[in-house]
Amino acid sequence: MENKNMVDAVETNANTMSETPSGFKVIWRELRHDKVAMISLVIAATLLIGITVWGSLLNQDKVTEASLLDRFLAPGQDGHILGADPSGRDVWNYLMLGGRNSILIGVSVTLITEFIGLIVGTICGYFGGILDNVVMRIVDFFMIIPTTLVIILLVKITTHYNAVTLVLIISAFGWMGTTRLMRSLIFSQASRDYIAASKTSGTSNFTIMWRELIPNISSMIITDLTLGIAGNIGLEVGLSYLGFGLPPDTPSLGTMIAYANDPDIITAYPWVWLPASLLIMVLALSISFFGNAIRRAADARQRT
Amino acid sequence: MWKTIIRRVLIMVPQIIILSLIVFFLAKLMPGDPFTGSGKLSPQMDLNQIQAIKKELGLLDPLPVQYFRWIGNILHGDLGMSYAYKVPVINLIAERAGNTIWLSLFSVLLTYLIAVPLGVLAGRYQGTHIDGGISFYAFAIIAIPGFVFYLLGLWLFGYQLGWFPTTGSISIAADGLLAKFFSRIYHMILPAILSSVISTTGIIQYLRSGIIDNTQEDFTRTARAKGVPERIVFDRHILRNSLLPIAAFMGNTITGLIGGSVFIENVFSYPGMGKLFIDSMNSNDYPIITSLTLLFGLMTLMGNLLSDIIMSIVDPRIRIE
C-alpha cells in the first residue's frame, strides 16, 4: 500500500514534470505582463502586416504615375489624405507601396543572413577545429571592410540591378554578426552535460545540432531575427536615401525621405518626407523594443 | 607592453594587404580607365594607338604586376587623377579630410561628455527611474536609423527654429582668422551634437554594466567592510575601475563616426570625405571612390588598433600572447 502511494506520487510528479511549460511559454508569460513589449508588439505587427497587405493591393504603375497638376497638394486636398509629392503622386499610397518594399527587403535580408549565420555558426561552434578557425578568419576579414561604402560601391557597379540583387548584396555583408553570435551560443551549449550524454548514447551529430542544440538557443534566434529586421529595414531605407538602394523608379521609404535634401521641400512641404521619416522611426522603435523585451524574458528564463 | 603593441601592429599587416586586394579588385570591376580624366585619348585615335598607349602605361600587364604598381603609387602618394575635377585625387581628399577629421574629433568629445555622466548615473542608481529613463534613451537611440535622426534634427533646429546653419562648413561672409574659426565651429555644432548622440549608446551601456559588475566585486565588499564611506567606495573603487575600459571605446567611437560621416555629411551638405564619396558616386569619379574606400578601410583598422592598444595599456590582463 505504501509502495503504491509512492508510485502514485512519482507518477503525479512525472506528470507535472511533463507539463512544465516550454521555453516559449515561459517567455510569453513574462512578455504578457510587460506593457511596453505588448504595445510594441501590437504596433509593430499592425504596421508590418498592414503595410505589406495594403501595399500589395495597390497598383504600382498607377501609384507611381506622375500627375503635374497635383504637385505639392497639401494634405486633405483633392482626396490626397497626406497630400502629394513633387511629381503629384499621392503620398499615402506611395508610403504604403514604399513601406511594403522596404519591409519586404528588410525581412528577406534578415531571413537570408539569419539562415546563413545559424547554419555556419552552428557547424563552427559544434565541430570547432580547423574548419572553425578558417571560417572565423573569413568573418574577421569581412569585419574589416567598411561595409556601407562597399555595399554602395557594389550597387553602383552592378549593371541591371533590382530588388533581388540588392537583397543579395546587403546579405553578403550581413551574415557575420549572426554567425559570431550563433557560434558562441552553440559553443557554450555544446560543452554541457546533456550534449555529452547524447553523444555517448550514440546520437548522430546532425540530430544533436538540429534537435538538441538549435531548439535550446531558439529564443536568442528569435531575438536576433527581430532586431535584425529593424536594422535591415533601416539599412535599406538609408541606402535608398543616399540613392544607392532600390532603383529610383521603385518606391521606397528612403527615396521619399531623400526629398528632404531639397531646402525648399524640407521647409515648405514637410508632408512629402515627414510621414516616411516618422514611419521608419516608429517601425524601428517598436520592433527593437519588442526584440529587447524577448531578450530580457529569455535571460530571465535562463536565470531560473 | 611594447611587445603587445608590436604584435598588434603586425596583425594589421595581413589585414591591410587583404583590404588593398579587395579595393584593387573592386577598382578593376569599375568602368572607365585612367585616361578618362587625362585627355590623352582623343576620338580620332585608332585602336592600335590606344593599345600602344595602354601598353605603355602598363594596363595590359598581368594583374599581379598592376597590383604592385598600384600599391607603389599609393605609397608615393599618387592616387590617380579625378575624372570629374581633372586634378590629383590626393589633393581633393586632403582638402576634404580636414573637415571630416575636425567634425569627428568634435563629435568624439561631445560623445564622451554626454555618455559618461549618463552611464555613471544609470549604473549608480541601477533599477531606479533614472536608470530606466537612461536605458530607454539608449535603446531608443540605437533603434532609430541615424540619418532620420539627423534629418529631423536639421529640420527642427536648423530650419524651424533657425538656431544653426543648415548647410556647408563655413560661411562665405566670414572674414579674418577668428571669424572663420568661429564660423567653422558654428557650422559643426549641430551635426556634431546629433552624431554624438547616436554614438553614445555603446558607452552608456558598457559603463552602466561595468559599474554594476564592479559593485559586486570582492574589492568593493572589502572596502565597504573596512568602513570606507560609500561616496569614496563609489568614486575610487567602482567608478575608477569602470572608467578605464571606456577609454578603449575611443577607437571604436572614431571608427563609427568616420563610417557614419557618409550620412551626416550628406544630410548637412557638409563638405567632408563622406559627401565627396557620394558626390563621386553620382559623377562616376571612380579614382576618388577607390581611394576613399581604401582610406575608410584603413581608418577602421586604425580605430581598432587604437582601441586594442588603449585596452592593453589600461587592462594588462588581455595582452596578446
Side-chain angles (χ1 to χ4, degrees), chain A residues 36 40 137-138 140-150 152-159 227 230-231 233-239 241-244 253-254 257-261 263-264 266-268 270 273-274 276-293, chain B residues 11-12 14-16 18-19 21-23 26-31 135-136 139-152 154-155 158-160 166-167 255 258-263 266-267 269 274 277-278 280-282 284 286 289-290 292-301 304:
Chain A
V36 178
S40 311
R137 290 300 79 75
I138 296 175
D140 288 346
F141 157 107
F142 266 95
M143 289 280 188
I144 60 171
I145 299 176
T147 322
T148 321
L149 299 195
V150 176
I152 294 175
L153 240 166
L154 287 174
V155 168
K156 174 85 185 172
I157 56 184
T158 309
T159 41
L227 295 175
I233 294 179
L235 183 59
E236 187 278 322
V237 177
L239 289 172
Y241 164 76
L242 290 175
F244 301 97
L253 295 181
I257 301 174
Y259 282 124
N261 284 340
D264 278 342
I266 193 174
T267 47
W273 62 273
L274 201 52
S277 308
L278 295 179
L279 176 61
I280 182 72
M281 259 177 72
V282 174
L283 254 182
L285 279 176
S286 56
I287 299 175
S288 300
F289 272 112
F290 181 62
N292 271 314
Chain B
I11 292 178
M12 247 177 83
Q15 290 180 329
I16 292 177
I18 290 167
L19 178 74
L21 278 170
I22 295 172
V23 174
L26 286 172
K28 283 283 137 197
L29 281 177
M30 289 175 204
S135 298
F136 186 87
F139 279 134
I141 289 295
I142 212 164
I144 300 172
F147 73 100
V148 174
F149 184 73
Y150 303 150
L151 206 56
L152 291 172
L154 171 71
W155 179 61
Y159 284 106
Q160 296 299 316
T166 53
T167 162
T255 307
I258 287 175
S261 69
V262 173
F263 284 105
N266 277 286
V267 169
S269 311
F277 184 79
I278 298 297
S280 313
M281 276 287 176
N282 288 324
N284 296 329
Y286 292 105
I289 297 168
T290 317
L292 281 176
T293 313
L294 188 65
L295 204 61
F296 275 91
L298 282 178
M299 287 192 291
T300 312
L301 290 179
N304 292 341

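Just so you know, these numbers come straight off a predicted model, no measurement behind them. So you know, we letter chains A, B, ... as the sequences are listed, proteins then strands, and number each from 1.
A donor and an acceptor atom, one from each side chain of A:Asn261 and A:Tyr241, are located under 3.5 Å apart.
Highest contact tally toward chain B, considering only A:Ile233, A:Ile266, A:Leu285, is held by A:Ile266 [criterion: heavy-atom pairs under 4.5 Å]. Between chain B and the residues A:Ala284, A:Gly238, A:Ala260, the largest count of heavy-atom pairs under 4.5 Å involves A:Gly238. Per-residue heavy-atom pair counts under 4.5 Å with chain A were compared for B:Leu19, B:Ile142, B:Ile22, and the maximum is reached by B:Ile22. If you tally non-hydrogen atom pairs under 4.5 Å between each of A:Val36, A:Leu278, A:Ile152, A:Thr148 and chain B, the highest count goes to A:Ile152. Put simply, of A:Val150, A:Ile287, A:Asn292, the one with the most heavy-atom pairs under 4.5 Å next to chain B is A:Asn292. Interface remark: of the candidates B:Val267, B:Thr300, B:Leu29, B:Val267 forms the most heavy-atom pairs closer than 4.5 Å to chain A.
For B:Phe149, no part lies near chain A; criterion is any non-hydrogen pair under 4.5 Å. Interface remark: A:Leu154 contributes side-chain atoms only to the contact with chain B (heavy atom separation under 4.5 Å). For a residue to count as touching a neighbouring chain, one of its non-hydrogen atoms must lie under 4.5 Å from one of that chain's; by this rule A:Ser277 touches chain B with backbone and side chain alike. The part of A:Leu274 that comes within reach of chain B is its side chain, from C-beta onward, which places non-hydrogen atoms under 4.5 angstrom from that chain. Contact of A:Leu149 with chain B is made through backbone and side chain together, with heavy-atom distances under 4.5 Å. With a threshold of 4.5 angstrom between heavy atoms, A:Pro263 approaches chain B through its backbone and through its side chain.
In this structure, B:Phe139 and A:Phe289 have perpendicular ring planes: the angle between them is above 60°, well past the 30° mark.
The closest side-chain heavy-atom distance from A:Met281 to B:Leu152 is below 4.5 Å. A heavy-atom distance below 4.5 Å is found between the side chains of A:Leu279 and A:Leu253. Taking the side chain as every heavy atom from C-beta outward, B:Leu151 and A:Trp273 approach each other to under 4.5 Å. Side-chain contact check for B:Asn266 versus B:Val262: some heavy-atom pair is nearer than 4.5 Å.
Partners of B:Phe296 under the ring pair (Phe, Tyr, Trp, His ring centres under 6.0 Å) rule, at least two apart in sequence or in another chain, do not exist in this structure.
Expressed to the nearest 0.5 Å, how far CG of B:Asn282 lies from CZ of B:Phe277 amounts to 10.5 Å.
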